[in-house]
There are 2 protein chains.
Amino acid sequence: MIEAHLAKLRFRHPVSDEEEQAIRAIVPPARHVARNTTVVHEGERLEASTLLLDGMMCRLKDLADGKRQITQIHVAGDFVDIHGFTLKRLEHEVMALTECKLSLVPHEEIRQLIERWPRLGRLYWFSTNLDASMNREWELSLGQRSAVERLAALLCEIHIRLGVVGKADGRFNLGMSQAQLADSLGMTAVHVNRTLRMLRDQRLLAYRRGEVEILDLEGLKAVAEFDDRYLYLNPDPL
Amino acid sequence: MIEAHLAKLRFRHPVSDEEEQAIRAIVPPARHVARNTTVVHEGERLEASTLLLDGMMCRLKDLADGKRQITQIHVAGDFVDIHGFTLKRLEHEVMALTECKLSLVPHEEIRQLIERWPRLGRLYWFSTNLDASMNREWELSLGQRSAVERLAALLCEIHIRLGVVGKADGRFNLGMSQAQLADSLGMTAVHVNRTLRMLRDQRLLAYRRGEVEILDLEGLKAVAEFDDRYLYLNPDPL
DNA sequence: CGTACCCTTGACCGTACTCAAACAGGGTGG
DNA sequence: CCACCCTGTTTGAGTACGGTCAAGGGTACG
């Protein structure tokens, strides 16, 4: 099940057989976590990072008054909190949106891996920089785009990212309630509902209890004025 | 003038004399750029990264309809586009907000530096992860905070970051017009103006043509419900 | 079969946007 | 030195997008 992770890496940069073996050697057996489980708590000391093998997860930040922002959504193949390798404690939570299969890779193993294989170090550095690029795109969305545009953009992004690891067939389980979508998009659950209905009325997508079906990807992209360059689908060699 | 950069690194992690010398050896002489100069264009191939020695810069993303989002502000000591070391092309611009002094460090030198000094590699990885943490905090602001809260939070952040490199004395030149502030905060220039007036009327700050004077830092922090944990001012050893 | 959570829709409200106009200040050229 | 301009700031009046409050309905699960 580490295949999704290798697929994500290889989609952007070549990975040699030796490098693949080195990676496989440090990934312990998978474990399962239930939907809505918090896997990493804010501020807790981390000695390992979470490789998401299957399912959907998210990072989220809480505010004192109960407001919360989901800052990123993760799909299979993502090293969900590899930034914890250097930060050691995170200022946000990591939570499972669906039932997930994951593997906890010890930081000490990562350190040895990248000292032995510096190019893999750059690849994982790249992957955190890619995450940051998505954060910047979400800033753009939250700051400048309207509710429909924001929602359409989010779904386009997830669809493409699932495609990279071979899991997009026009239909996927996002695992998010409309309230959670609202927390990602900086709007209320009520308005998410109305916005979803707009997209449904335009026959662009169907949404039912976390199950997303994309009916017209091009239409969705047009609504969002979606430009996938921020996903670095064709990066320069590293 | 590389002192601000070393101060930023050393504020969070120890840097040995050898490491310092290794860094100094790859930083070429400084050059000056004028206010509002675009230093890195979107999509252009990068062979070097920009070390900001003095002044203020920002990263910004443009939308087709002319809307734009400033995704990050940089202060002296920041390696403004070190993420370009792995991404090679950026999906955003980098622009000088004030007159700036900077140095362009070739990627090939960085690669050799971190292969020779793997711990410095982790320190620079940390610094991009810190940038990403600020992006997440801005997502939180843009998604969940009101206009006043957002503005207050931004100014608290800059003040603290200037303090880290020894440049905060309650007064600093942000170099941003109210329109640029608006592009950072996801609001209009008109509303930035009204919001600034609110904070001025409460005697929390003064703002005059890019010059910020913080009159009551604690008051500002209270308005923003500011929590500096996302700035990783006391990180665990690396 | 009850209960809890989520979704859905309606009516009303408020924060922030839009449009518009006046003003201030710094820089340039006549 | 002054006229002019350009950019940025300030304020007002009206508007709209999205929030708030509220109530009814669906669906899964114990």
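Below, read A as the first sequence line, B as the second, and so on, with proteins coming before strands; counting in each chain starts at 1.
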Does a donor on one side chain and an acceptor on the other come within less than 3.5 Å for [X] and [Y]?
| X | Y | value |
| --- | --- | --- |
| B/Q69 | A/Q144 | yes |
| B/E157 | B/Y230 | yes |
| B/Q72 | B/W138 | no |
| B/D81 | B/T50 | yes |

Roughly how many Å is it from [atom1] in [X] to [atom2] in [N], rounded to a whole number?
| X | N | atom1 | atom2 | answer |
| --- | --- | --- | --- | --- |
| B/M198 | C/dT15 | CE | P | 10 Å |
| A/Y207 | C/dC7 | OH | P | 7 Å |
| A/L196 | C/dT8 | CG | C1' | 11 Å |
| B/E149 | C/dT15 | CD | C1' | 12 Å |
| A/M176 | C/dC7 | CE | P | 11 Å |
| B/H191 | C/dG14 | NE2 | C1' | 11 Å |
| A/N36 | C/dC5 | CG | P | 12 Å |
| A/N193 | C/dG10 | CG | P | 11 Å |

Compute the centroid of each ring, for A/H83 and then for A/H92, and state whether the two points are separated by less than 6.0 Å.
->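 Close enough - the centres of the two rings lie under 6.0 Å apart.
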Taking atom CZ of B/R45 as the centre, does the number of heavy atoms from other residues, nucleotides or ligands within less than 6.0 Å exceed 12?
-> yes
Using 4.0 Å as the upper bound for N to carboxylate O, is an ion pair formed by A/E42 and B/R229?
-> yes
Check ion pair B/D131-B/R59 (N to O, under 4.0 angstrom) | yes
Start and end of chain A contact along DNA chain D [non-hydrogen atoms, under 4.0 Å] |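 The contact span of chain A on DNA chain D goes from D/dG18 to D/dA28.
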Is there side-chain contact between A/V40 and A/E93, with heavy atoms separated by less than 4.5 Å?
-> no
Looking at DNA chain D, which of residues 61-71 of chain A put a heavy atom within less than 4.0 Å of it?
->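 None, since no heavy atom is under 4.0 Å.
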Hey, does B/T195 reach any base, or is it just sugar-phosphate, or nothing, if we go heavy atoms under 4.0 Å?
-> nothing
Establish, with yes or no, whether the OP1 or OP2 oxygen of C/dG25 is under 4.0 angstrom from a side-chain nitrogen or oxygen of B/R209.
->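 So the side-chain polar atoms of B/R209 never come under 4.0 Å of the phosphate oxygens OP1 or OP2 of C/dG25.
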Residue met sooner reading DNA chain D from 5', once A/R208 and A/T188 are mapped to nucleotides =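 Its nearest nucleotide being more 5', the pick is A/T188.
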With nearest nucleotides of DNA chain C determined for A/G210 and A/R194 from heavy-atom distances, which residue corresponds to the more 5′ nucleotide?
-> A/G210
